[in-house]
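These notes are about the structure you will find just below.
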Amino acid sequence: MRLYDSLSQEKKDFVPRDGDRVTMYFCGPTVYNYVHVGNARPYVVSMVAKRYFESLGYSVTLVENITDIDDRIITKGIKEGRPAADVAAEFAQAYRDDTDRLGLGRPDVEPLATEHVQEIIDLIATLVERGHAYQAGPDVYFDVRSSPDYGKLSKQQVAEMRHGARISVGEDKKDPLDFALWKGAKPGEPAWDSPWGSGRPGWHIECSAMSLKYLGAGFDIHGGGRDLIFPHHENEIAQSEGAVGAPYVRFWMHNGMLNLSEQKMSKSVGNILTLRATLDKHRPEALIAVFLASHYRSPMEFGEDVLEEAEQQVDRLKNVFGELADRAAGCAPAAPDAAPGDSETPDAALLDRLGARRHAFMDALADDLNTAAALAEIFGAAREVNAALAAGDLDAGTAARVRAGMLEMVHVLGLDAVAGGDAAIPEDVVCMAEERQECRVARDFARADELRAALAERGYEVRDVPGGFKVVCTR
RNA sequence: GGCGGCAUAGCCAAGUGGUAAGGCGAGGGUCUGCAAAACCCUUAUCCCCCGGUUCGAAUCCGGGUGCCGCCUCCA
């Protein structure tokens, strides 16, 4: 596999540090509110990457933190007259609930910053010992000047950055670029005891502490949104490499930003498009499809129109899986690569072509996780299968094998839902559909159309097929 | 101003030297009582602009233009 690394700015061959185990850390949200749709992109990217690596036979340890101590959390707590910990707990749970709806599973470890204060303190102590950090009043700062290659990830010249940086009142930094590792407690703020007095962790340090704890220095992949490159990831590198004296991360994986077409997200105005609101309106697999349709590193258009489009795509895939399931009915589940039969038959030829598509699918993902190209192979497979179905080819056994092969592909992309059998159709719905069929036979089309409309109202679509009808749930 | 990225059909979007994937939408056809689903056909002589390298560039180089992100604890 080739994977782009934003530190070296090139695609490199990816070989895990630990043999058959892949170690990944992605920056999760700071939980001061409901997460917005943009937060879902790195989440989806990380889960799909995990599935891809697993499909290659690796075991994957994916760590995705939740930052539950932060200025904004404290501010919100004060505003609402409740402890910051309450705010954090509420929105951490909301985050888990919201992302659970995507059906991609949970990261292997989801550490909370407040549960790793000891590790954070130990890390800061090491940095102080090694001359990379200093105490200034109640605070502890990282000494940027002690880190000769500071700026290597963001490609910024330290001298340049100093121009814009500034020391705010109450801070006693040696350099404007120095950043807080530990912040002395102000009255009413949540605080922990430390060698430097009562206080709390600064922003970047928790990710260093937790990634090093769970994955160790030099782990494989560290991901997050591009906007985190500076200062967050730059600072993580400085801290972590300063503390351990070894390279921190092997591949930096940064996803592009969402370009909101309708409504610019403005945090100050508070009109943020939340993940929750998006999933209230659209199926999770549609949102996943939106993310998969563009390369993870590219900025992407996002809005109601692309979501609607993705709904159509999802329906297309659901339809082909539904047809395959019907055709394969009664047939035992099959392996996609079961020994090909007579290669002269149309079925065997189709299986050959689909096998080629599965290879192309994996090749696409092997090239820096090109999900858009991989998804195109699934659509290509769908078209070929539909054509075979329409031609009346495909015996039950072939259908079962085709379905198994396509299932593998959608599973890697986290689109299992498109293959899910629809929930059982309620009996009264079936009765209505049967009555409609009787009306059709009796050529009472007015009544038949009435029943079809009534079914549509209830969320079911009735499709006439040779020799009968079929009821499909449309929501 | 500095750093990084993006710019491909009506829309979304792959493609980084060999002659434009895929999806949505639109138009035509098949099937159907009508639909729906599905299938077939059509929909970029051309990849922001101007130069250059090359037998050959959307793809490489130089220069522009536009948009986005970061440089102020935003994925």
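Chain letters run A, B, ... following the sequence lines, proteins first, then strands; residues in each count from 1.
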Intra- and interstrand pairs of RNA chain B - dot-bracket, Watson-Crick/G-U under 3.5 Å, | marks other strand = ((((((((.[[[..)..(...]]]((((((.......))))))....[[[[[..)....]]]]])))))))....
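- Atom CG of A:D227 and atom P of B:C6 are 16 Å apart (whole Å).
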Extract from the structure each pairing of a protein N or O with an N or O of nucleotides 15-18 of chain B at less than 3.5 Å, listing the distance.
residue, atom, partner, partner atom, Å
B:G15, OP1, A:N370, ND2, 2.9

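- Within residues 228-239 of chain A, the residues having any heavy atom under 4.0 Å from RNA chain B are, by residue number, A:L228, A:F230.
- A:D139 and A:K173 are not joined by a salt bridge, as no carboxylate oxygen comes within less than 4.0 angstrom of a charged side-chain nitrogen.
- Geometric assessment of A:K174 against the ring of A:Y141 yields a negative cation-pi assignment under the 6.0 Å and 45° thresholds.
- With the nearest nucleotide of RNA chain B identified for both A:A387 and A:S154, A:S154 has the one nearer the 5' end.
- Rounded to whole Å, atom P of B:A21 lies 18 Å from atom CG of A:D363.
- In the set B:C39, B:A13, B:G5, the nucleotide with an atom closest to the side chain of A:P299 is B:G5.
- Residue pairs meeting the salt bridge (Lys or Arg N to Asp or Glu O under 4.0 Å) criterion with at least one partner in residues 368-378 of chain A, sequence neighbours excluded, are A:R297-A:D368, A:R357-A:E377.
- Judged purely by atom type and a 3.5 angstrom limit, A:R41 has no side-chain atom pairing as donor or acceptor with the backbone of A:F291.
- Between the C1' atom of B:C71 and the CG atom of A:L153 lies a distance of 13 Å, rounded to the nearest Å.
- A:V465 comes within 4.0 angstrom of no nucleic acid atom, judged by non-hydrogen atoms across all strands.
- Using a 4.0 Å heavy-atom cutoff across all strands shown, A:Q156 reaches at least one base atom of the nucleic acid.
- Judged by distance alone, with hydrogens and angles left aside, the side-chain atoms of A:N65 form no donor-acceptor pair with the main-chain N or O of A:C207 at under 3.5 Å.
- As a whole-Å value, the separation of A:Y150 OH from B:C3 C1' is 13 Å.
- Counting any heavy atom pair closer than 4.0 Å across all strands shown, A:N386 reaches sugar-phosphate atoms only and no base atom.
- A distance of 6.0 Å or more separates the ring centres of A:F142 and A:Y134.
- Using a 4.5 Å cut-off on side-chain heavy atoms (C-beta onward), A:V385 and A:E323 make no contact.
- Taking the six-membered ring wherever Trp is involved, the centroid distance between the rings of A:F91 and A:Y34 falls below 6.0 Å.
- Rounded to an integer number of Å, the gap from CD1 of A:I378 to C1' of B:A14 is 14 Å.
- Note on A:N319: only backbone sugar-phosphate atoms sit closer than 4.0 angstrom, heavy atoms only; bases stay farther off.
- A salt bridge is absent between A:R436 and A:D449; no separation between the charged side-chain nitrogens and carboxylate oxygens falls under 4.0 Å.
- Side-chain contact of A:D97 with A:Q93: a donor-acceptor pair under 3.5 Å is present, judged by distance alone.
- Between A:L307 atom CG and B:C12 atom P the separation is 14 Å, expressed in whole Å.
- Rounded to an integer number of Å, the gap from CZ of A:F302 to P of B:A13 is 12 Å.
- In this structure, A:A376 and A:R41 both approach RNA chain B, and ranking their closest nucleotides by distance from the 5' end singles out A:A376.
- With 3.5 Å as the limit, one finds a donor-acceptor pair spanning the side chains of A:Q437 and A:R440.
- Between the side chain of A:R452 and the base of B:A35 there is at least one donor-acceptor pair of N/O atoms closer than 3.5 Å.
- We find that NZ of A:K470 is positioned 11 Å from C1' of B:A38, with the value rounded to whole Å.
- Comparing B:G69, B:A36, B:G33 against the side chain of A:E461 picks out B:A36 as the nearest.
- Nearest to the side-chain atoms of A:R226 among the listed nucleotides B:G33, B:A38, B:G4 stands B:G4.
- Among the heavy atoms of the strands lying under 4.0 Å from A:G256 is at least one base atom, whether or not backbone atoms are also near.
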Atom pairs under 3.5 Å, N or O on each side, protein against nucleotides 23-27 of chain B: can you list them with distances?
residue, atom, partner, partner atom, Å
B:G23, O2', A:Q313, NE2, 2.2
B:G23, N2, A:E309, OE1, 3.1
B:G23, N2, A:E309, OE2, 2.8
B:G23, N3, A:E309, OE2, 3.3

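- Phosphate contact (OP1/OP2 of B:A13, side-chain N/O of A:T371, threshold under 4.0 Å): absent.
- Residues meeting the salt bridge (charged side-chain N to carboxylate O under 4.0 Å, His left out) test with A:D326, sequence neighbours left out: A:K470.
- You'll find a donor-acceptor pair under 3.5 Å spanning the side chain of A:R436 and the base of B:G33, going by distance alone.
- Donor-acceptor pairing under 3.5 Å, judged by distance alone, is present between the side chain of A:H36 and the base of B:A75.
- Within the 4.0 angstrom heavy-atom criterion, only backbone atoms of the sugar-phosphate kind lie near A:Q9; the bases stay farther away.
- At least one donor-acceptor pair under 3.5 Å links the side chain of A:S240 to the backbone N or O of A:E236.
- A donor-acceptor contact closer than 3.5 angstrom links the side chains of A:R106 and A:T99.
- Looking at A:L153 and A:F230, their side chains never come closer than 4.5 Å, going by heavy atoms from C-beta outward.
- Side-chain contact check for A:T371 and A:Y52: no donor-acceptor pair (N or O, by modelled atom type) lies under 3.5 Å.
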